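Treat the numbers as computed from the prediction; the structure is a model and nothing was measured.
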Amino acid sequence: MNLEDWFQKGMTAQEYVDSMDKFQKDLIYIYEHFNISTEDYPFFEKLQKKDIRAVVLTEDWCGDAMLNVPIFLRLAEAGHIETHFLRRDENLELMDRYLTNGKSRSIPIIIFIDRDGEEICSWGPRAPELQTFLDDSIGSLPEKETKDYQEKQKQMLTFITKAYRDHQNFWHYVYKDMIRTLA
């Protein structure tokens with residue numbers, strides 16, 4: 001399938017959010033509390049003229065998606081980017097075209113396309129600053145063979161999720177990185 005077919009197959013943002021179970025409240029919280037910077041209005045005026053659309057590969061259980069999707073939705077609104085969502089696990093054929101480091105099915109992945117369905121660029125799964133934060137957090141875990149590894153890993157994931165939800169500077173990193181990609 002080409003990207004136009006994948007776009008047509010996708011859900012609207014509202015359908016995706018309505019279908020969420022795990023991180024719906026957190027995603028909505030970030031969406032409701034994140035605002036586009038007025039200094040970026042000229043960028044969005046230019047973006048609106050480009051007539052861009054987007055396909056978002058995501059899953060409800062993903063903490064990165066919980067953070068990145070609402071920031072992207074605000075950006076998409078400001079740039080008039082029509083967006084459709086696909087669940088990663090149901091669309092592995094497309095996902096496998098956008099592997100992180102050539103091997104990982106990390107999400108979300110946002111694929112920007114033109115009116116002809118041709119790829120313009122893609123973004124994801126996270127801003128560089130968040131990759132550093134994640135790498136540092138994972139680096140603090142004990143060795144996998146230790147008996148408390150799973151407990152420590154669970155605590156770390158809870159910490160990361162809370163940080164993603166509550167640290168607005170993380171939101172800003174995502175926003176600026178998405179803008180850099182689209183510029």
Determine whether Ile109 and Trp123 satisfy the following criterion, side-chain contact (heavy atoms from CB on, under 4.5 Å), listing intermediate values before the conclusion.
CA-CA 6 Å; Ile109 298 294; Trp123 184 93; over 6 Å; no
Would His80 and Leu47 count as a side-chain contact (heavy atoms from CB on, under 4.5 Å) if you check the C-alpha gap in whole Å, the side-chain angles of each, and the deciding distance to 0.1 Å?
CA-CA 8 Å; His80 297 180; Leu47 197 58; over 6 Å; no
From CA spacing to verdict: salt bridge (Lys or Arg N to Asp or Glu O under 4.0 Å), Asp60, Lys22:
CA-CA 6 Å; Asp60 176 30; Lys22 184 167 185 176; over 6 Å; no
Side chain to side chain donor-acceptor pair (under 3.5 Å) evaluation trace for Tyr173 with Gln131:
CA-CA 11 Å; Tyr173 295 146; Gln131 184 64 53; over 6 Å; no
Using the rule given for side chain to side chain donor-acceptor pair (under 3.5 Å), can you reason through Glu77 versus Tyr31, listing the C-alpha separation, both sets of side-chain angles and the distance that settles it, and then say yes or no?
CA-CA 11 Å; Glu77 289 168 358; Tyr31 176 83; 2.3 Å; yes
Intermediate values then yes/no, side-chain contact (heavy atoms from CB on, under 4.5 Å), Trp171 and His33
CA-CA 10 Å; Trp171 306 359; His33 290 88; 3.8 Å; yes
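No salt bridge links Arg88 with Asp96; every basic N to acidic carboxylate O contact stays at or beyond 4.0 Å. Glu151 and Lys154 are not joined by a salt bridge, as no carboxylate oxygen comes within less than 4.0 angstrom of a charged side-chain nitrogen. Look at Arg115 and Glu4 and you find no salt bridge, because none of the NZ, NE, NH1 or NH2 atoms lies under 4.0 Å from a carboxylate O.
Under a cut-off of 6.0 angstrom, the local environment of NZ in Lys152 is sparse, with at most 12 non-hydrogen atoms contributed by other residues, nucleotides or ligands.
No cation-pi contact links Arg53 to Phe112, judged by a cut-off of 6.0 Å to the six-membered ring centre and 45° from its axis. A cation-pi arrangement is found for Arg165 relative to Tyr29, the charged atom lying closer than 6.0 Å to the ring centre and inside a 45° cone about the ring normal.
A donor and an acceptor atom, one from each side chain of Ser19 and Arg87, are located under 3.5 Å apart. If you check the side chains of Glu119 and Tyr98, you find a donor sitting under 3.5 Å from an acceptor.
Between Phe133 and Tyr164, the ring planes are tilted. Angles from 30° to 60° get that label. Relative orientation of the Phe170 and His167 rings is perpendicular, given thresholds of 30° and 60° on the angle between their planes.
The ring-ring contact (aromatic ring centres under 6.0 Å, His included) test with Phe85 is passed by exactly one of Phe72, Phe7, Tyr16: Tyr16. A side chain to side chain donor-acceptor pair (under 3.5 Å) with Arg126 is found for one member of Asn68, Asp64, Thr100 and no other, namely Asp64.
Looking at heavy atoms from C-beta onward, Val17 lies in side-chain contact with Gln24 at the 4.5 angstrom threshold. At a threshold of 4.5 Å between non-hydrogen side-chain atoms, the residues Leu27 and Met20 count as touching.
Distance check, rounded to the nearest 0.5 Å: CG of Leu3 to NZ of Lys9 gives 13.0 Å. In this structure, CD1 on Ile111 lies 10.5 Å from SG on Cys121, to the nearest 0.5 angstrom.
Listed for the Asn101 side chain is no donor-acceptor partner under 3.5 Å among the backbone atoms of Lys103.
Both Leu130 and Met66 sit in one connected hydrophobic cluster of ILVMFWY residues. Membership requires side-chain heavy atoms under 4.5 Å apart, directly or through other members.
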